[in-house]
Amino acid sequence: LTLAVVLPQHNLTYPWAWPRVGPAVRLAAAAVNSRRDLLPGFTLGWVFGNSEDRHGVCSEMAAPLVAVDLRLAHQPAAFLGPGHWQLPLVTAGAEAHGFDDKSEEFGLTTRAGPSHRKLGELGVQLHRRFNWTRRALLVYWDERVDDRPYYFAAEGLYVQLPTLRNLTVMDVVFRDGGNFSFIIQEIKAKGR
């Protein structure tokens, strides 16, 4: 059985970079292979693919291409990092609220990191703790040209906060070069 590992190879700014995760992958494979009762008749091996672009950044373009190459060359049984094809996937990503739906496409996805739903649940707990019961205003940056990290982070709050009764949740999006005076007026008007 082959495990395909797609992670940043050198960039240690990522907690899931290969120099940090690689030793655990090696130890896990060795431990599994030392126990013949875990996968009788099989040996667990792994192949590695670098998810960094030429600048050393974990890339949403490079990672899927590497995953496809590994899939075609090695037919892995599972992925650590990005993956598809109805194969088990363990990832430090998949933070967005949509990955919570395990009924279809993401049923085999396991997060090894935080989710934006958990951020939303924290927001709910803060509202309960401080008795904030009427309104919540979410202000976030959204360029719509990148992977939209602020949009998806705000989504966890946007979905979870309405579970509090009688709470109105509104959002205000701003972009680079936006009218910050307008945003301040929106906060004054809607946030109270």
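Basis for what follows: all heavy atoms, side chains included, without hydrogens, waters or symmetry-related copies.
- Expressed to the nearest 0.5 Å, how far CZ of Arg117 lies from CG of Leu119 amounts to 11.5 Å.
- A side-chain donor-acceptor contact under 3.5 Å links Tyr14 to the backbone of Cys58.
- Pairing each heavy atom of Pro8 with each of Pro19, the nearest pair is O-CD, 4.3 Å.
- Annotation: side chain to side chain contact (heavy atoms under 4.5 Å, CB included) contacts of Leu1 (sequence neighbours excluded): Leu39, Phe42, Leu44, Ala77.
- The side chain to side chain contact (heavy atoms under 4.5 Å, CB included) test applied to Phe48 returns Val5, Leu7, Gln9, Trp18, Trp46, Asn50, not counting sequence neighbours.
- For residues 36-51, the set of pairs meeting the salt bridge (Lys or Arg N to Asp or Glu O under 4.0 Å) definition, not counting sequence neighbours, comprises Arg35-Asp37.
- Rounded to the nearest 0.5 angstrom, Leu65 CG and Leu70 CG are separated by 11.0 Å.
- Contact of the His127 side chain with the Leu161 side chain is registered, since non-hydrogen atoms from C-beta on lie closer than 4.5 Å.
- Rounded to the nearest 0.5 Å, atoms OG (Ser115) and CD (Glu121) are 7.0 Å apart.
- One hydrophobic cluster holds both Val21 and Val57 under the rule that ILVMFWY side chains link at heavy-atom gaps under 4.5 Å.
- Ser51 and Ala63 make their closest contact through CB-CB, 3.7 Å (heavy atoms, listed as atom of the first residue, atom of the second, distance).
- Within the model, atoms CG of Leu164 and CD of Gln125 stand 8.5 Å from one another, a figure rounded to the nearest 0.5 Å.
- Two different hydrophobic clusters hold Leu12 and Trp16 under the rule that ILVMFWY side chains link at heavy-atom gaps under 4.5 Å.
- Rounding to the nearest 0.5 angstrom, the gap separating the CG atom in Leu126 from the CG atom in Asn131 is 13.0 Å.
- In this structure, His116 NE2 and Leu122 CG are separated by 13.5 Å, a value rounded to the nearest 0.5 Å.
- Of the possible polar contacts, one joining the Glu52 side chain to the Asn11 backbone as a donor-acceptor pair under 3.5 Å is found.
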